[in-house]
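This is a predicted model, so every value here is computed, not measured.
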Amino acid sequence: DFICLISFLCLLWVLLFGFSECSKSQQGAQPQSIKIEGDITLGGLFPIHSRGPAGVPCGEVKKEKGIHRLEAMLYALDQINSDPDLLPNITLGARILDTCSRDTYALEQSLTFVQALIQKDNSDVRCSNGEPPIIPKPERVVGVIGASSSSVSIMVANVLRLFAIPQISYASTAPELSDNSRYEFFSRVVPPDSYQAQAMVDIVKAMGWNYVSTLASEGNYGESGVDAFLQISREAGGLCIAQSIKIPREPRPGEFEKIIKRLMETSNARGVIIFANEDDIKRVLQAAKKANLTGHFLFVGSDSWGAKIAPIQDQEEVAEGAVTILPKRASIDAFDQYFMSRSLENNRRNIWFAEFWEDDFKCKLTRPGIKYEQGRRKCTGKERISRDSQYEQEGKVQFVIDAVYAMAHALHSMHMDLCPGSMGVCEKMDPVEGRMLLQYIRSVNFNGSAGTGVMFNENGDAPGRYDIFQYQMSNVSIPGYKNIGQWTNHLRLNPEDMQWSGGDRSIPDSVCSFPCEPGERKKMVKGVPCCWHCELCDGYQYLLDEFSCDMCPFDMRPLKNRTGCRPTPIIKLEWSSPWAIIPVFLAILGILATTGVIVTFVRFNDTPIVRASGRELSYVLLTGIFLIYFITFLMIAEPSIAVCAFRRLFLGLGMCISNSAMLTKTNRIYRIFEQGKKSVTPPKFISPTSQLIITFILISAQLLGVFIWFGVIPPHTIIDYEEQKPPNPEFARGILKCDMSDLSLMLCLSYSLVLMITCTVYAIKSRGVPETFNEAKPIGFTMYTTCIIWLAFVPIFFGTAQSTEKMFIQTTTLTVSMSLSATVSLGMLYIPKVYVIIFHPEQNVQKRKRSFKAVVQAATVSTRLSQKSNDKQNGESKMEPDRSQ
């Protein structure tokens with residue numbers, strides 16, 4: 001196990017580097033460290049130097065992250081030791097070590113803190129002169145302040161845990177350090193990256209983005225930060241990761257250009273969440289600028305970017321609009337006064353201060369063993385920080401001070417409980433028990449150096465408090481980072497203070513798919529919950545929910561935006577419609593003409609022409625013609641129960657009456673002349689009364705059928721939504737109509753058509769009767785013409801069954817056909833008689849009566865002559881002798 005390995009290293013180090021006069025002479029000088037005497041000693045770990053090149057542990061001095069933070073601890077110790085209310089009569093000391101920004105080196109250094117806790121048997125140890133070694137009692141470190149880097153803190157925390165030494169970090173933010181089961185003695189005054197990741201997720205969602213990419217520097221900080229962001233975004237939902245790219249520790253040439261190319265594979269994901277070190281951030285911006293993608297990417301940077309100028313120097317146009325995050329902090333004015341007053345004379349306790357002095361003032365001190373660099377001025381020692389060099393307080397100074405004060409407050413509370421009334425450290429605190437001290441550390445709650453509360457949760461994490469910045473160039477006097485909000489467990493963002501590339505104030509999009517238009521459903525892309533295709537709900541569908549369409553009820557059609565359904569408009573055949581005007585016009589003319597004929601016949605009821613035409617059947621026939629014209633108005637009138645009942649009754653009745661009357665007439669004529677060929681006895685049932693009875697019997701069959709229909713299916717109205725239902729629902733209409741299907745309509749007319757065909761047959765058979773004796777031929781012409789009209793009606797009526805104008809076309813066709821057939825009957829049978837009655841009254845006189853026998857003989861002769869004439873025309877005539885001789 002890793003812990004076992006660490007334990008082994010610890011023991012090995014103690015065995016090899018036991019601190020004694022003997023070992024000192026054998027091994028050389030101890031590792032450089034700052035020792036400050038005190039009643040209670042705290043450890044300190046700071047990255048005084050950067051990581052050195054291969055084979056060398058340490059590199060150049062780090063002024064801000066190293067010296068500033070180290071001096072912040074020394075400043076805090078001074079303040080605590082001079083405070084009469086905090087640890088009175090107890091002096092805090094320190095052992096401060098340099099980690100050189102390298103975790104393995106920091107591990108070696110930190111073993112200094114645990115040597116006093118290891119019991120060693122030195123009975124067999126002798127110096128070169130044979131004498132036993134003089135072994136001073138090692139100092140006991142009760143707690144450690146540090147480290148800075150998360151990777152260093154993780155390495156050190158594994159060692160300190162073995163020896164129950166509490167540790168408070170001022171800068172380590174890796175989420176895994178919140179694991180209390182592995183790092184139970186670790187606490188920190190900065191919030192973990194999981195809080196930072198939560199804040200970044202909240203920022204992304206507040207800007208309406210749901211499709212972003214992530215960039216992480218390889219290593220604990222970058223990878224754990226992105227992992228936390230991914231986990232929180234998954235838990236929160238509504239946020240998809242287009243790509244998650246890792247930047248190698250040692251990137252090859254062209255690596256960053258490849259990263260930009262990969263990001264452009266999902267170009268809709270303009271938002272880029274970046275957990276990376278300063279150098280990687282700068283090279284990403286350079287690659288984006290080189291690819292001519294200035295203004296495309298919308299960066300959201302972690303605290304490693306923060307409000308720093310170095311990562312964006314010379315890349316400001318690409319970084320414009322970048323939103324960054326920093327733990328909430330303040331500049332400590334008292335520390336500035338302290339630090340600016342430091343000099344070579346008054347700060348000899350800081351063994352690295354001379355090195356800082358040389359780097360800060362670009363001069364050289366004369367030091368033993370150090371070669372003087374030619375061309376560099378010599379330091380005078382009179383230089384002053386901030387006056388002769390640039391100075392800006394490092395961002396984590398506040399947290400270093402708070403970490404030291406947290407340890408002091410814990411020790412103070414422990415002293416109050418274990419040593420009440422005692423001056424100095426009592427026996428119960430000598431030594432300080434680490435696990436008990438940890439409990440007091442987790443219980444502290446005080447206002448820190450910036451006035452904000454310092455406290456820890458059960459995992460040793462400080463509350464999350466972040467300032468949110470945006471780098472702005474446009475519409476500002478000086479380009480720089482502007483505070484646009486803060487996050488303290490929840491986000492408070494000021495969108496009105498934000499602006500993007502070119503000064504645009506509208507928040508750019510970073511979404512996989514844009515919202516669907518009204519009436520469009522989302523068809524999700526498999527495996528990517530933030531990506532979808534939009535599909536229109538077509539036909540008579542409406543948007544049921546975000547992902548599905550459904551059909552509107554049969555009597556409804558979708559709204560124009562297809563977000564719901566609306567009732568389908570109901571229409572009927574209007575009187576003003578062209579489909580109604582023509583039939584009504586013909587019907588009015590027919591009714592007027594029929595009325596005129598009836599009036600004329602009534603007026604001249606006893607005249608020979610009226611009597612000869614068969615007055616009784618003529619009035620019946622004219623009644624039928626009138627009803628045929630009248631049915632047009634019922635067919636166009638707004639459907640109701642009464643209208644539907646009258647339609648059923650009169651639709652076939654008018655034709656039935658007229659055809660029954662004509663059939664009775666033709667049948668009478670046919671029977672008379674057929675009987676005359678056989679005998680001179682008149683046939684039966686040829687009187688007017690008999691004719692009326694026959695006619696009404698024929699009519700009663702139609703009435704009987706209609707009344708049976710009434711009983712089986714009472715008349716009612718329906719709304720037909722299928723007849724006018726075109727592909728475009730905007731033109732859909734419900735048609736108010738009577739409950740008469742095409743089949744029932746034809747059945748209603750079928751009896752009348754049978755009568756018409758029968759009448760036509762008798763008219764054909766009676767065609768040889770002289771026209772001076774009867775109406776057979778006019779009736780025949782009427783029947784022929786009527787048959788032609790109805791033969792034309794059938795294909796028109798049924799051929800329009802699929803038309804959206806079906807009802808209108810069929811109604812017009814039916815009414816016009818009926819009006820035409822009625823007009824033919826009226827014109828053929830009665831108009832000539834009316835003409836004679838009105839304009840030639842001299843012809844309307846009684847002629848010589850002939851007996852039935854004379855009429856039959858005349859008809860027979862006429863028939864024979866007609867046959868001879870036909871024979872001659874056919875070339876079959878024969879010469880007969882002249883019988884007059």
Side-chain angles (χ1 to χ4, degrees), residues 13-14 17-25 27-49 57-58 61 66-82 87 90-100 105-118 120 133-148 152 156 159-160 163 165-168 170 338-339 342-357 367-368 400-401 403-404 407-408 411 424-425 430-432 434:
W13 185 89
V14 172
F17 300 103
F19 284 100
S20 65
E21 294 298 326
C22 172
S23 63
K24 186 175 179 179
S25 62
Q27 296 291 339
Q30 297 180 31
Q32 281 195 328
S33 64
I34 294 176
K35 169 64 178 169
I36 298 176
E37 298 295 338
D39 301 320
I40 297 175
T41 302
L42 302 180
L45 291 172
F46 295 92
I48 306 299
H49 294 89
C58 301
V61 69
I67 301 299
H68 283 206
R69 294 178 182 180
L70 164 63
E71 288 293 340
M73 181 173 180
L74 298 176
Y75 164 78
L77 291 174
D78 292 345
Q79 295 297 308
I80 293 167
N81 290 332
S82 62
L87 290 175
I90 296 178
T91 303
L92 286 181
R95 169 72 71 179
I96 301 175
L97 303 174
D98 180 10
T99 66
C100 290
Y105 183 79
L107 176 64
E108 296 173 9
Q109 295 290 294
S110 63
L111 293 175
T112 304
F113 299 144
V114 301
Q115 61 175 319
L117 300 176
I118 299 175
K120 302 185 291 289
I134 302 172
I135 302 175
K137 182 180 179 180
E139 62 188 352
R140 186 182 184 94
V141 174
V142 301
V144 175
I145 306 299
S148 176
V152 173
V156 172
V159 175
L160 299 182
F163 298 96
I165 299 177
Q167 171 187 3
I168 302 178
Y170 49 82
Y338 160 82
F339 190 73
R342 298 296 90 190
S343 66
L344 293 172
E345 289 76 18
N346 63 16
N347 199 22
R348 296 186 182 275
R349 63 182 176 178
N350 185 346
I351 61 174
W352 297 291
F353 196 70
E355 193 176 349
F356 161 80
W357 196 268
R367 286 184 286 164
V400 176
I401 297 172
V404 178
M407 194 72 77
L411 289 168
V425 179
D430 189 17
V432 174

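Between the Asn81 side chain and the Leu92 main chain, a donor and an acceptor come within less than 3.5 Å of each other. With Asp98 contributing its side chain and Ile48 its backbone, the two residues share a donor-acceptor pair below 3.5 Å.
Taking every heavy atom of both residues into account, Gln167 and Ala147 meet most closely at NE2-N, 3.7 Å. Shortest non-hydrogen contact noted between Ile165 and Gly143 is CG2-CA, 3.9 Å. Smallest separation of non-hydrogen atoms from Phe113 and Arg95: CE2-O, 3.5 Å. Scanning all heavy atoms of the two residues, the minimum distance from Met73 to Ile96 falls at SD-CD1, 4.0 Å. In plain terms, the two heavy atoms of Pro431 and Arg140 that are nearest each other are CB-NE, 3.0 Å. The heavy-atom pair separating Val156 from Ala106 by the smallest distance is CG2-O, 4.3 Å.
Here CG of Asn350 is found 4.0 Å from CD1 of Ile34. Values are rounded to the nearest 0.5 Å. The CD1 atom of Ile67 lies 8.0 Å from the CZ atom of Phe353; values are rounded to the nearest 0.5 Å. Atom CD in Glu108 sits 12.0 Å away from atom OG1 in Thr99 (nearest 0.5 Å).
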Next item on the list: Could you check Met407 against Leu42 for side chain to side chain contact (heavy atoms under 4.5 Å, CB included), going step by step and ending with a plain yes or no?
Entry: CA-CA 9 Å; Met407 194 72 77; Leu42 302 180; 3.5 Å; yes
Next item on the list: Could you please spell out the steps behind the side chain to side chain contact (heavy atoms under 4.5 Å, CB included) verdict for Ile90 and Ile40?
Entry: CA-CA 8 Å; Ile90 296 178; Ile40 297 175; 4.0 Å; yes
Next item on the list: Check step by step if side chain to side chain contact (heavy atoms under 4.5 Å, CB included) holds for Val114 and Val141.
Entry: CA-CA 7 Å; Val114 301; Val141 174; over 6 Å; no
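A donor-acceptor contact closer than 3.5 angstrom links the side chains of Glu71 and Tyr338.
Looking only at side-chain heavy atoms (C-beta outward), Leu107 and Val152 stay at 4.5 Å or farther from each other. Ile168 places none of its side-chain heavy atoms less than 4.5 Å from the side chain of Val404. Taking 4.5 Å as the limit, every side-chain heavy atom of Ser148 sits out of range of all side-chain heavy atoms of Phe46. Considering only heavy atoms from C-beta on, Arg349 comes within 4.5 Å of Asn347 through its side chain. Counting only heavy atoms from C-beta outward, the side chains of Val159 and Leu111 approach each other to under 4.5 Å.
Aromatic ring centres of Phe356 and Trp352 lie farther apart than the 6.0 Å criterion allows.
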